[in-house]
Amino acid sequence: MPLRRLESLLVILQEAKNYFKEKFNAPPTFAVCTRGKKGRLLGEQEHSDGFVFPMALELVTVIVGRKSDGNVCRLATCAQGVDEPHVITFPVHTPDSPLVPGKPSWANYVKGVIANFPGPIPAFDAVIATSVPLGGGLSSSASLEVATYTFLEQLTGKEQKDLKVKALACQKAEHNFANMPCGIMDQFISVMGKRGNALLLDCRSMEATLVPMTNPDLAVLVTNSNVRHELTGSEYPTRRKQCETAAKTLGKPSLREVTMAELEANKGKLEDVEFCRARHVVGEIQRTTEAAAALEKESYEKFGKLMVESHNSLRDDYEVSCEELDLLVKLALEVDGVYGSRMTGGGFGGCTVTLVKRSSVDNLIKHIQEGYGNKATCVVTSPADGARVLSL
Ligand code: ADP
């Protein structure tokens, strides 16, 4: 199985610097980076006012750049697979001539952040490079937005001290310029991720709490099933609607206000499918807070058990898993030293995340390789820092 070697930050930075010199005939004067998302350790529902519990992975988006004269910005990406052209120019954003979304679509993530940044922004040249796979559910877009915001802070000398404001501006860019009604988790973890910590995010209060995960004997393996099942597009809105209906039937503003006992007691009032969806969400909210407490106490067995319960609930009650993800979880759980494993992200393909003793990682990868065939991609990772400034 291809074990993805994480291209190091330095390699990505060098790529960006080289491309900058090639395109703009001068070296960049500053650089920033963000880590790609979220290994979502637990908690899948950003709707229903639930909790999510991600960590930033050691995948990185870098932007290098310099201030320029005049009123035209030049922007280039090293990323493959985005729409042409890969080098663009656009006028400086002003209240009289604001930026609007357009083509190429990849630049909208950058323009959207510029439009949501407080205060004037001078002309600049910039190059983006990344090791986050694009469109792979690892939030390359949020990573790009947060890298852009951090870049603009450097460019203007105006650092946003309120990290929540920063994350929300990036989310707004995705809503308004990329037309993607995303939740808030990806931007939060890209902004607030800290090396050695997972981040417990309360989607009701928007309160974020870092939970240490520094034990050197512990590893997280992200395994990409490399399958993505065809969706009709209605899967997520339907589930969301079912959860909203269940809450409404129980007379609550959201499932966050519903206990498992209340749900069980009112089972007869709900359609079977609404009950199952609600049982998943109510259970997941409970599991996620318990998991954060378990991690804090280094109770990895408990944490792992909650991961498995979460997977089973996503499979049976929420029905967003698939054969391949179930197989990856089953294989992982057969290996000594594995605490727990579950699907992560939207489901119907994509990745699993496994908490494992570092000493067992090689066995785990070998076992997955044998059982799943040569089709999965594994990345061993630890919680990484969110956005930061780099020295050139
Ligand atoms: P995900 O965020 O899960 O990777 P999305 O489809 O939400 O998937 O976002 C992917 C899109 O974000 C890409 O198609 C591209 O338009 C944009 N993007 C992300 N990273 C870059 C980058 N480094 N350079 C240019 N565009 C990027």
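Since the structure is predicted, the reported quantities are computational estimates derived from the model, not experimental observations. Numbering of ligands and ligand atoms starts at 1, following listing order. Residue numbers start at 1 and run along the sequence shown.
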**Study point:** Side-chain donor-acceptor contact under 3.5 Å, Arg287 with Ser310
**Key:** no
Practice item. Before signing off on this row, confirm whether Thr77 and ligand 1 have an N or O atom pair separated by under 3.5 Å. Key: yes
Check your understanding: Does atom NZ of Lys269 have more than 12 heavy-atom neighbours from other groups under 6.0 Å away?
Key -> no
Exercise for review: With salt bridge (charged side-chain N to carboxylate O under 4.0 Å, His left out) as the test, would you mind laying out the steps for Lys305 and Glu309 before giving the verdict?
Suggested key: CA-CA 6 Å; Lys305 191 168 155 277; Glu309 284 174 18; 3.3 Å; yes
Check your understanding: With a cut-off of under 6.0 Å to the ring centre and 45° to the axis, is Lys111 in cation-pi contact with Phe177?
Key -> no
Revision key, fill the gap. Salt bridge (Lys or Arg N to Asp or Glu O under 4.0 Å) with Glu284: of Arg279, Arg277, Arg342, only one passes, and it is Arg342
Practice item. Can you figure out which of Ser131, Ser140, Ala178 has its heavy atom closest to atom 19 (C) of ligand 1? Key: Ser140
Review point. Between Ser141 and ligand 1, which residue portion shows a heavy-atom distance shorter than 4.0 Å: side chain, backbone, both, or neither?
Key: both
Review point. Going by the order shown, which atoms of ligand 1 are within less than 4.0 Å of some heavy atom of Ser139?
Key: 1 (P), 2 (O), 3 (O), 4 (O)
Check your understanding: Between Thr249 and Asn266, do the side chains contain an N or O donor and an N or O acceptor separated by less than 3.5 Å?
Key -> no
Review point. Near Thr130, which atoms of ligand 1 are under 4.0 Å from a heavy atom of that residue?
Key: 23 (N)
Review point. Does ligand 1 have an atom that lies less than 4.0 angstrom from a heavy atom of Ile128?
Key: yes
Review point. Given Ile12, Val132, Leu134, which has its nearest heavy atom closest to atom 20 (N) of ligand 1?
Key: Leu134
